[in-house]
Each structure stands twice: as structure tokens, then as C-alpha cells.
Amino acid sequence: MPTWLDREVEKAVVRLLLNGEEVEFLAPVHKTLLEVLREDLGLTGTKHGCELGECGTCTVLIDGRPQLSCLVLPLQVEGRPVTTIEGMAAGASDHPLQAAFAELGAAQCGYCTPGMLLVAKSLLEANPRPSRAEIQEALAGNLCRCTGYAKILEAVELAASRMVAT
Amino acid sequence: MTVPDRTGSVGRSYPRLDGSAKVRGQAVYADDIALPRMLHCKILRAQAPHARILSIDASAARRLPGVVAIITGRDLPIRFGILPVSQDEAALEEHKVRYVGDPVAAVAAVDEETAAAACEAIEVEYELLTPVMTIEEALKEATDEPIQESFSRRRDNIHRLVSYEFGDLEAGFAAADHVREDVFFFQGNTHLPMEQHSAIASHVDGRLTLWSSTQVVHYVHRALSRVLELPMNRIRVIGAVHGGGFGGKTDPFAHEIVVGKLAMLTGRPVKCTLTREEVFYAHRGRHPTLLWYRTGVTRDGRITAMHLRTALDGGAYGSYGAASVFYTGTLQTVTYDIPAYKFEGVRVYTNKAPCGPKRGHGTPQGRFGIELHLEKIAHELGLDPVEVKRRNFVKPFSRTVNWLRVTSCGLEECTAKVLEASGYAQRERRTGHGMGFAISAYMSGAGTAIYWNDMPHSEVQVKVDRTGATVYCGAMDIGQGSDMVLAQIAAEELGIEPRDVRLVTADTDLTPVDLGSYSSRVTFMAGNAALEAARKMRALLVEAVADRMGVADLEEIDVGGGRIGEFSFEEACVIATTRFGALSTTGSYKPPRIGGPFKGSGVGPSPAYSYSAAVVDVEADPRTGIVTVGKVWIAHDIGRSINPLLVVGQVEGGVYMGLGEALMEEQEYRKGLHKWPSMLEYKSPTFLDTPPIETFLVETIDPEGPYGAKEAGQGPLLPVIPAVNAAVFDALGVWVDETPITPEKVLRALDAKAKGKPPRHGPRSFPAVPYGEPIRVDPPARDDLRVGAELEAAFGQTPGAH
Amino acid sequence: MLRLPRLRYLRPASAQEAATVAEDLGTRAMLVAGGTDLFPNLKRRQFDPEILIQVPSLPGIVKEAGGFSLGATVTLAQAAADPGLQVFLPGFAEAAGLVSSPPLRNAGTLGGNLCVDTRCNYYNQSHEWRKSIGFCLKKDGEICLVAPGSPRCWAVSSSDTAPVALVLGATVELTGPEGSRMIPASALYRDDGMEYLAKEPYEVLSAIQLPAEPGVRTAYVKLRRRGSIDFPIAGAAVALKLDGDIVVSCRIALSAVASHPLEVPGAGEFLAGKRLDQEAITAAAELAAKPAKPLDNTDLTHFWRKKMVRVVVEQALAAAAARSA
């Protein structure tokens, strides 16, 4: 019998600045941000591929920087801005990265897409004109099995050029 | 048949239909589904590679608060399997386990944590049996008992033996100026879809609904019906948005059956999502395969005879394996003209996760071997390998020695494209730099159904009413974009935009049967069915419009640009509904009989083959053995590119996956266990490990493909792997005759070369296999393109098998 | 989904308070900073604490006379991108920037990387996998599965920053309930896969002081299968001081070839006073590689990794020499 099962579940009220909105929830403290987003807050746009920090699929932005939501406790990021894929578009209009990914076929099965998009968003905010090498480096922690990354690279470049132009 | 240039949607790039949902996080994958009162299921898996189950004690687990139900093999005794000849799996094993990861018991609990704890609390008592972990061990008599003890009278662990001789092998070898033998090993690897398998079941009103991450709703439907003993009309299987398959979600799986059973037992919805480690156990990936080639050639490199032996490590269950073993040998002939061909294959059971179909299904192994084998022959003869391969290319519209029918074939064009673009002939020649060339072919759908029947492989309905057009098809879009292809075909015929076509796919209640997304069949087969249904609908619309316009000649009614005749499409729908009542048309596709007059001829035939050629540029460091791919040029004969954006996406993805297999992906076992069932240690190339890929699409307009289209999902993976090895030889003068090319293997080959031994690293011998007497088959007339009844009528006149 | 075990989570206000709580709770608790090493291990039940104690946010990167002071909760991404470190101690910034993957480096901390659990592919596996193979010495088992005859655990030190800290002569600050103490980074490690840290379990590694001696050139070369994500399978850190092309002093340390970051003083000393030409580099690399003992418990074969130690040392020496002083 697993020893941890006898332990009481400690719960905590956590406040997050999630996709620009203040949210407050009560959750067991040992649930990761990934689990809370998907299971308690209904934000299933954040996907998971390993839950061990090895694939990048569950990436969200914390303080605007990519982090693996499978390796973060909500209490560790309390009060800080968290952006998930659901918070990337401005209302009905897609973020230029989202538009470019859809347009160029950078999402095939689409499962790695939310993580890829958020990392790319963070990259373009810090570096509006990234080189190909910088794009590859920034996205190197996010595995994709469908695209061979080619269309993803093109989509980030396309979005960057459009964002710089406007 | 000439196909006019299309002015509609066919041939144009459209992004996938659900592109927006996917980039906005709105696409609902199976694990995203949560139903009220849903229970969570975890599966207890075997912790021994080969053992008898003496007892299962779940009493402590049942007492845990939050545990709602626990089932074992006793609750699901009916065995199943994807092929009728291999009904060797159980959803939960009752008496015996065959690999670490084999499902033994399942728990439904209020949350996943409780379910996992309950699994840990289940006591299973095992009597250990000797594990069989290699092909060589499996060929010997079993120490205690065979792995599939009741499925064979054999005492060894041989699952399948095949042996064929097409044409006069002896005469072929006698005509050769030169004969060469080579042995290769293709390591096992896995699909590694980013999405872990997930299924959720709900049992309401005596009907079971299952949402699953599957490539084939129909096969899951069949397996559920069989094992749960429910008529198919009580079961609905819905393909949830799919997070990647590559062949890995083409079998029915234990967890799909288990959640169905638990939903029926508990009256509550039940979900099971595999962990990444469990995905490695569910597997069905590439078979580790040994290959032995013996080929006779003339002085100028023309093949006179070829003898191929393969041995596949199948893992613990049959899966698609009875077909996989054929695929290692059958498709060699659709690229190279082989006048006499002997093929012997064996698949063995081992105590590992079952192998099955991964992108290319059985053919990457054979392709790897034949491409490298021909390279070596050419070098030995002092000929240019590219030239030798070219001399042996099959002719378009011909029949192979093993009765496969080749129709459109763009091998020459593909070859010319990649040679030119890569500057292969003028490549920089220095130690450490090299280029490699290889070609391949793949099926546009298997010519024979998985389970024997004479029904169509694809059925499509098109419905038109006052609200517009809807296409219904059982095919599953697994990310390749097949939904858009179907929409484009319907739109093309109806003269509207693809986005104006509603598409309902992969739902067994709503859509007619399609055999699903595997074997590169959807565009070709479902596409042809959609084409037929849409053309019938178009005819009805045109007839009604012509009638309304008072035009007698239907040819005068133009269809296109959202208009039919002088009416908008919407108006035409109203006119046609008014004229005919409810409007629904159907289309279906069944490939013609293509295979020859011999048992086993059903594996290999396809209504059309795609062709690819690739050049790979590498840097190979002689000091470290590290191989870095600089660029890949690939040309793919797609027949016709219905949607170039999607086709190029498939080609690039295939190249990527091929590079992973060539350079780093491998499934290794140690002490009876998968050595590294994780995303960290199973090496999938990252962005930084993936070179630029330049893709060329070659259009040969196949006479039987929809608008001339052929497949793109699998073929482009195939040439990449041998091209990498050939490039390494070009760079360093050594052969790595196995996959993946790890740096150490390169160094070992260099070391052998330095010591004056054959400059290679790889297997040295091929085991003795009791293949038995071959089925001898006389070759067809090589220009005989007859199919179906005409072909069958001809069987009487042809000697055939004897 | 793999999940954490049930835990309580404490957030002390200071490192000292964290150490005090950790001492009180003993083996029931573990310290956590970024969590990128600990959480996967907890999900695989390699540890079974009831309580996690958060290491509170500590001061950032401060340029001081003679070097840098870095709070242990500085993230690997911050260290990699720090302009001061990039200029004065590029080898250290490089090492931090080569740890795992970009998103992981935004959470993973310097302290965490210096204390990263030793790794072994018999150990970094799920509870079910380890149960199937019969558990290993490092967790729940009786024998080391890599070297069954050996009385010790051979898990591998897999820190990228630790060897650089060693060659720089870094000092680490350990905060206990009574206050803090400074020890050389080299004294932080033990050559033991299980007890690999020579500190009290409750002590918080709270800061690291990196001397930045004028004229010292640093480099770190990491070998791994892929361009990202992977732990090192061999690595070499070099701190080199040159007078023209004559070596004044040189320190070399290796990662991923032993249970501790392995300094190879003989190789560095050999170079002192010599012209740093290819011949000297080759000879030094040869010496450096000798004590490396890779075993069959990480990626790729240990025969090959052993060969590659020489290569990464040569590359690191060449990279350091090519740097401006």
C-alpha cells in the first residue's frame, strides 16, 4: 500500500492572474499548475506529454516567460501573471502567431501547438526579429512529432515579419 | 485518362479545417473530455516479462475509499486482436503475462490518484517463466513454454513463417556476373505521438459511447463489440481530436475495452489516459528486423535474381505482425525490376511490447536493406550507385515478378529533381562530408481489408438540404489533414469553397464505415468514395437546375464559383430539394483484385504506389563518429497534389521521422524491461537536431487516384534512412549496416577499416530459420495490367502457384 | 497523468528559517527551489517526503570586487543571459545556458543545478519500473544494478554548472539554522551516488561566489545526444590563465563521468608553463580523461563516452584559449 495515501490532503486557496483575470481557487497543494488548469479551471488548451519536464508540451507563460506547468505548484506562482493558450488571442482575433500557425500548417495534430505558440510569443516579445537559429534555440525544448518543425519555423518568421510591419 | 486542369479547390493549398481551434486551444482531445460523475481508470500492468499469474488479490485495493470498481481478466475473458488470425490479446490477462507492461487489472476510482494507489495495493503472485528477449532465442525451443502457448503447436516462439519464390531463381543467379550477400539490422523504434492514448466511455440507455484517440473508429468498434459482447448497434465510437498516431493508434487497445467495461459496471463515465511510460508499453511500433540479401547482377549492374530473408522481433502479441512480415519483402519489386525473387520471412514472439505498424509498416526495414545492398553492389562493380539503381527502376504501368501492379511511377522524375537540386554529382568530396541517395515506394492504401470481406473499404455520404452540403465519412483526421482533402473533393464537384462543406467524420453512429487512417489510404480510398458521392450529388443539382432553367443539355450548366447555372449553390439546393425531396448520395471505394493467384498475395497490392527519392547531406566526424545532417532534398511522386500545403507537411514530417530513426531513435531492452520508456531517454529529435528539408512534388496523375492523387503520409520517410547511411559511407568510407547510426557504431566501423577488416559495423550473420519449402509462383506477363474479374479469369490460363 | 504524492508545502520567509524547519522535520521534509529536478523525481516516487519546504527567493546576481555573488534561486536562464557573467565568466553562463531546455531553465535554479540529484537509468524510472526490475541501491533496493558487485551506488553527477564552479574555485554559502557558512564548491561533493552532497540535508545552499580573476578564460563544453533537453553524458569545464600563449594556470573539471563533478588537477598542472599548442592540448586531454569512469547507466555506451572525454576536454581548452582574457 503506498505510504502517501494515508496523508491528509492539504488544500490551499490560490490566487493567480490568469490570462489577465484574477482567479481564485481551492486546490490540493500537491496538484501541479498543469493539473489545476486542466482539471479545476477548465483550461484544457494546455496539453501534457510526459509530466516530467521532458517534452515541453505543457508550457505556459509565467511573468511572460515559458515554464513547464507540469513542474510548477500553483502556490509557487501565486499572484503572478500566468498566460495559457486560451489567453493568447485578443478576444475573437487570433494573435499573429496563431494566425500564421493555422495558415501555414504549423499545427498538424496540434498537440504540441499551444506550448510552441506560447514560447514563440515570449520569444517575439523579447526579440521581435529573431534569426532562424534563435527561433530554433528558443523552441528546442518543445518536441513535435508531426511537422519536422519546418512549418513551425516558417510560421514564427511570418508572424514576426507581420508584427514588425504593424 | 486525361484530367483537365482544375479551376476549383483541388490542387490549391488550404489550411486544415480545424486549424483555428488547434491554435486557440479549443480542439477537444480525448483527455480533455470530462463528463459529470466521471470516474478515472488506471491499469495495473505486469511487472515481469514472462510469468504465469498464480493469484490476484484486490481485496485491500477494494477497501480503499474512492475505489468504485476493480476488474481483472476474469471479467474480460474474450480475446481479440486486429487481425482475424491473431486474436491473441486480452484486455486484461488472467493466466499469464508476456511483457512488462501487459495489462492485468483495472481500477475505476473517483480520481486518478486513488486509482493509482489501488493499483499499487493489488497483490499479484507470479510464477516466473524464462523471458525470451531476442530473435535468436525465440527461434530455439522454449525453455519452459512458448510465449503464446495456446496459439501454436510449435515449441519455439515462431509466430509466422512465409516463403515465396517468384520466377526461376536458379536461372537468375546463373545469369549473374556477380553475386553479393549482405546482412543488415533495423532497430526497433516507436511512434511517440505527443498525445498519450486516452479513451472515455459512457454507458447510457443501454448504449455505450466511447471517445478515443484512435486512428480507426471501426476497428475499435469491432473489438468492443466482440469483447464486451454487445451488438455493434449498441456501441458508438467517436474519434476525438487526434494528437498524433503514426500507426501507434491503429490497433484496438486494452484501455479502450477496459473503460467500456467499467462504464457498464459502474453506470458512470470512465476515462483512462495512459502515462507516457504506458504508451511505450502499448507500442505497436517498428519491428526490430534482421535482413539478409543475396543478389545477382550483370556486369552493368542489372539485377538478375534476388533472395531476401527477414526475421522480425514481434514482441509479445500478433498485432498487425502477420502482415508486417510480408511488408519487409513485398515492396522491393515495385521500385526495382527483379526478374526472379525469393522472399522468406519470419516473425517471432518475444517478451517485449508488441510491435506493429509504424509509418511505413514493415517496408522501412526492407527498404533500408535493399538500398544499401545495391549501393554496395555498385561500389563493388566500380559503378555509380545512382546509375545502378536507375538502371533497375521499374517501368510505369507494368507488373512485378510478384504480381504487383505498378501504375503511375515518377521514380525517374523524383530522382532527377533531387540529384539536380542537391548538386549530388558535383558534391564536395572531402573526408567527413558526404551525400547519400535513396528511393522508395509506398502503397496508397492496402488492396485487401484487415478482415476478409467483400464490402467497400470506404463509404461516403453527401447530404444536401436547404442548409447546404455535408459530407459524412468514417475516416479519422489524425493531423494529416484528411478532413480538408475530403472537403476539397466535395467542394470541387459541387462548385463551392471547401470551408462551405460541413464535414462529419469518425463517428460510428453518424458516418458510414471507413477503414480509417492507416496504410496511407484516406485520400485515395475515402477520396474516391467522396468523389463518387459528390459527383452523384452534383448530377442531381445540375439536373434540377437545368430543369428550372429550361435547359435540355445538362452540359450547358456550369458548376463553380459557388454557382450552379444561373443560381447560387444555396438556391440550387432549394431547387433540387423541391424537385427530388430529401437529397443524399453515396459513394464507395473498393480496390480491385490486384494480387496474384497464390495464398498470401493479399499483402502488398495497392491500387497505386507513391514514389520518393531523397538526397541527404551529412557531416560525419571521423574522430567522434557524430553524424550531423546538413540538409535533406526529397522529391515525392504524389500523383496529384490535391492540397500542396498538406502534402508538403506530410513529406516534411516523414523526413523528420526518418531522420530520427536513422540517427537516434531506438527501443532497447535490458534485464527484461524497456530500457528507457521516457521522452527524455527515448531520443526524439528536437528543433535543433532537424535540418532544413527541401521538398519537390512530382505529379504523375494516377489513373485511379482521385484527380490522380496518391499517398504522402508514409512513403517519404522511407528513402531518408538508407540515404543517411549512404551519406556516411560517402563521407568516411565505412558502412553502418544497422539503425540508428550512433557515433560509437561509426567509430567501430572506422576501427574495423583501420585494422584492414571489412569497413563496416553491423550484424555478421543471419540465424538459421526453418522457413520451409517456398510457395513457387510463376511470374505474370510483365505488361499484364488486368485487375479484378479480368485478372481472376486469367488465373485459369496462367500456371500460378504450384 | 503522472502526479505528485500528497504533500504539505511550507513557505518560510528566509533561508535560515527554511533550514530551521528542515532540521526540525528531518527526513519527513525536503527543500525545493525551482522544482525541475525534484518534481519529476517525486512523481516517480524516488523520494517520499511528506512536506516540501520552499527555498525563498534569494538575492540575484551581484558583481563584487573580485567576482560575482549569485543567490541560489537565480534561475539558469537568468545566469545564462546575465551580461556581466557573459563577459567575465562566459564558461559559467554557457554551462547554465546548456542545462536542459529553455522553458526548464526559466524555473530551474543555480542552487538546484549545483545540488541536482545524481542520475542513473536504473534509478530515474517510475516506481512501477523500478519495482519490476527489483529496485536499486539508491532507492528501495539492495544492490547497485549497474555494478552489482559493488558496495556503492554509481549514479552520475549530472550538473553542468558544478564543474565550472569547481574550476573557478567557487565558494558556496550553506545556510543552517544557526547561520551560514562558506565552503569551497569542491567540498560540496562526495564521490558517492547516494550521499553525493557533503552538507547537512537541512542546510540550504543559499549563494555561490564566483571569483572572476583578471585574465582567466573559461569555457564549458557539453556532450549530449540532442541539441536540447538532455543531461550531459560528458562535459568539460576549463579555467585557463595565459601569458601570451604560455599557460600560467589551468583547471579542468568533468561532468557526468563520476558520482561527483570530477576535477582533474593533474591535467591542469601538466599544462602550467607550457605553450598551449595542439600537442599540449592533446596530452592534457589524455591526462584529464584517465580518471573518468563512465558506466552503462546514462545515454549511449560508456566505451564511447570514455573516448569522448578527451574530445570535450580538448574542445573546452581550445574554446577557453580562443576567448579574450
Side-chain angles (χ1 to χ4, degrees), chain B residues 31 40 42-49 99-101 111-113 116-117 119-120 196 198 273-278 280-281 621 623-626 628 660 663-665 668 670-690 740 742-748, chain C residues 1-7 40 43-45 98 100-102 104 119-122 124-136 145-146 148 158 221 223-231 233-234 282 285 296-312 314-315:
Chain B
D31 189 48
H40 296 263
K42 291 297 269 186
I43 294 174
L44 174 69
R45 292 176 184 271
Q47 291 174 334
Y99 70 101
V100 172
D111 55 32
E112 205 178 10
E113 186 184 58
C119 281
E120 223 177 306
Q196 299 130 319
S198 180
T273 302
L274 303 189
T275 63
R276 178 53 59 184
E277 182 174 346
E278 287 179 288
F280 281 94
Y281 298 146
D621 184 340
R623 176 142 194 239
T624 61
I626 293 172
T628 311
L663 294 170
M664 53 182 82
E665 296 185 35
E668 271 201 60
R670 179 176 63 183
K671 299 183 200 257
L673 275 84
H674 192 297
K675 193 171 173 184
W676 39 48
S678 74
M679 297 285 259
L680 177 67
E681 297 299 341
Y682 181 87
K683 303 298 181 186
S684 172
T686 73
F687 222 124
L688 292 168
D689 307 300
T690 309
T742 60
E744 183 184 21
K745 292 176 189 172
V746 174
L747 292 190
R748 283 187 189 274
Chain C
M1 184 124 65
L2 275 179
R3 291 165 196 268
L4 291 168
R6 290 177 186 176
L7 291 161
K43 288 183 178 184
R44 291 184 293 237
R45 306 297 189 260
L98 286 169
S100 188
S101 70
L104 190 131
R119 300 183 62 81
C120 171
N121 58 26
Y122 286 98
N124 296 101
Q125 300 277 5
S126 71
H127 180 260
E128 291 76 16
W129 191 98
R130 287 182 288 118
K131 190 176 172 193
S132 302
I133 207 162
F135 296 111
C136 79
L145 294 168
V146 193
S158 302
V221 171
L223 185 68
R224 55 178 162 181
R225 188 108 71 130
R226 297 178 292 182
S228 187
I229 305 176
D230 295 343
F231 283 91
I233 52 177
T282 308
D296 183 20
N297 58 352
T298 72
D299 186 29
L300 292 171
T301 64
H302 51 297
F303 309 106
W304 183 76
R305 279 183 273 126
K306 171 85 183 172
K307 277 186 192 159
M308 287 309 106
V309 175
R310 245 169 293 167
V311 177
V312 290
E314 283 184 30
Q315 289 172 346

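The sequence lines fix the lettering, A, B, ..., with proteins before strands; numbering per chain opens at 1.
For chain B, the nearby part of C:E314 is the side chain; its heavy atoms alone come within less than 4.5 Å. Looking at B:S198, neither its backbone nor its side chain comes within 4.5 Å of chain C, counting heavy atoms on both sides. Residue B:Y682 touches chain C through its backbone alone, counting heavy-atom pairs closer than 4.5 Å. Proximity to chain B (any heavy atom under 4.5 Å) is shown, for C:E128, by both the backbone and the side chain. Residue contact with chain C, scored on non-hydrogen atoms closer than 4.5 Å, involves the backbone and the side chain of B:E744 alike. Both the backbone and the side chain of B:L680 come within less than 4.5 Å of a heavy atom in chain C. For B:R276, no part sits under 4.5 Å from any heavy atom of chain C, backbone or side chain. Contacts of C:R3 with chain B are made by side-chain atoms alone, with heavy-atom separations under 4.5 Å and no backbone atom involved. Contact annotation for C:M1: both backbone and side-chain heavy atoms come within less than 4.5 Å of a heavy atom of chain B. For a residue to count as touching a neighbouring chain, one of its non-hydrogen atoms must lie under 4.5 Å from one of that chain's; by this rule B:S678 does not touch chain C. Looking at B:L44, there are no atoms closer than 4.5 Å to chain C (heavy atoms on both sides), in backbone or side chain.
Judged by distance alone, with hydrogens and angles left aside, the side-chain atoms of C:R226 form a donor-acceptor pair with the main-chain N or O of B:S684 at under 3.5 Å. Remark: the backbone N or O of C:N121 is paired with a side-chain donor or acceptor of C:Q125 at under 3.5 angstrom. Counting only distance, with no hydrogens or angles, the side chain of B:D689 and the backbone of C:G227 share a donor-acceptor pair below 3.5 Å.
B:F280 and B:H674 have perpendicular rings, their planes meeting at more than 60° on a 0 to 90° scale where under 30° would count as parallel.
In terms of heavy-atom proximity, C:S101 sits nearest to C:I229 at CB-CG1, 4.0 Å.
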Between C:R224 and B:K683, does a side-chain contact (heavy atoms from CB on, under 4.5 Å) hold up when you go through it step by step? CA-CA 11 Å; C:R224 55 178 162 181; B:K683 303 298 181 186; over 6 Å; no
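Comparing B:G672, B:P677, B:P685 by heavy-atom pairs within less than 4.5 Å of chain C, the highest count is held by B:P677. By number of non-hydrogen pairs under 4.5 angstrom with chain C, the leading residue of B:L673, B:T275, B:L688 is B:L673.
Applying salt bridge (Lys or Arg N to Asp or Glu O under 4.0 Å) to C:D299 and the options C:R225, C:R119, C:R305 leaves one that passes, C:R225.
Between B:E113 and C:R6 there is a salt bridge, since a side-chain N of the basic residue sits under 4.0 Å from a carboxylate O of the acidic one.
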